[in-house]
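Just so you know, these numbers use all the heavy atoms, side chains as well, and skip hydrogens, waters and symmetry mates.
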Amino acid sequence: MIGELISGEADMAVAPLTVSADRQSVVDFSKPYIDDAGITIMIQKPDAETRSHHWLAFFNPLHFEIWLCIALSVICVSVILFVVTKMCPGEGQAAKVSDRFTIG
């Protein structure tokens, strides 16, 4: 698995491997998800220029088109929910609370 990461055949690997100094020198490990099983995610260690922390780096895992679809979906769902709540009678009005309390 580590050889495939280094050669570029795989982008990441999920396996129950222990983190050792030798392995950590060539691949990056995530924190173990399940402590008892020791399952971790490995990716090829990035070079120094890709390792720089840019404030937009969280966009890197997905392509621009995917982020655009996510943003448009959020906007569309928000507009639909707004329209539906405006069309529903009684929506947005405070519920009337009775002053009388009963037991039983």
Side-chain angles (χ1 to χ4, degrees):
M1 261 184 275
I2 293 177
E4 291 174 354
L5 287 171
I6 294 171
S7 68
E9 293 178 41
D11 293 325
M12 70 178 210
V14 179
L17 290 174
T18 52
V19 180
S20 68
D22 293 335
R23 291 178 180 155
Q24 205 167 21
S25 66
V26 290
V27 294
D28 279 339
F29 286 91
S30 70
K31 300 273 187 214
Y33 285 102
I34 304 171
D35 287 336
D36 295 337
I39 296 175
T40 58
I41 296 177
M42 301 174 288
I43 61 170
Q44 184 177 2
K45 197 177 239 359
D47 53 357
E49 62 188 37
T50 19
R51 197 181 282 188
S52 66
H53 298 288
H54 191 265
W55 69 279
L56 292 175
F58 65 92
F59 284 120
N60 290 345
L62 301 176
H63 292 286
F64 173 76
E65 293 83 9
I66 302 296
W67 285 114
L68 185 64
C69 289
I70 291 171
L72 290 175
S73 298
V74 168
I75 292 169
C76 289
V77 168
S78 300
V79 169
I80 290 170
L81 287 174
F82 176 78
V83 169
V84 167
T85 56
K86 289 297 178 185
M87 291 173 54
C88 290
E91 186 70 32
Q93 297 175 357
K96 295 182 180 179
V97 179
S98 174
D99 290 340
R100 295 182 288 175
F101 297 99
T102 60
I103 297 177

Enquirer: Between side-chain atoms of residues 62-70 and protein atoms elsewhere (two or more places apart, or another chain), which donor-acceptor pairs fall under 3.5 Å?
Expert:
| unit_1 | atom_1 | unit_2 | atom_2 | d |
| --- | --- | --- | --- | --- |
| Trp67 | NE1 | Phe59 | O | 3.0 |
| Trp67 | NE1 | Leu62 | O | 3.4 |

Enquirer: Other members of the hydrophobic cluster containing Leu81, with the 4.5 Å side-chain heavy-atom rule, please.
Expert: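 When side chains under 4.5 Å apart are linked, the cluster holding Leu81 also contains Val77.
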Enquirer: With sequence neighbours excluded, tell me which residues meet side-chain contact (heavy atoms from CB on, under 4.5 Å) with Val83.
Expert: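 So Val83 forms a side-chain contact (heavy atoms from CB on, under 4.5 Å) with Val79, Met87.
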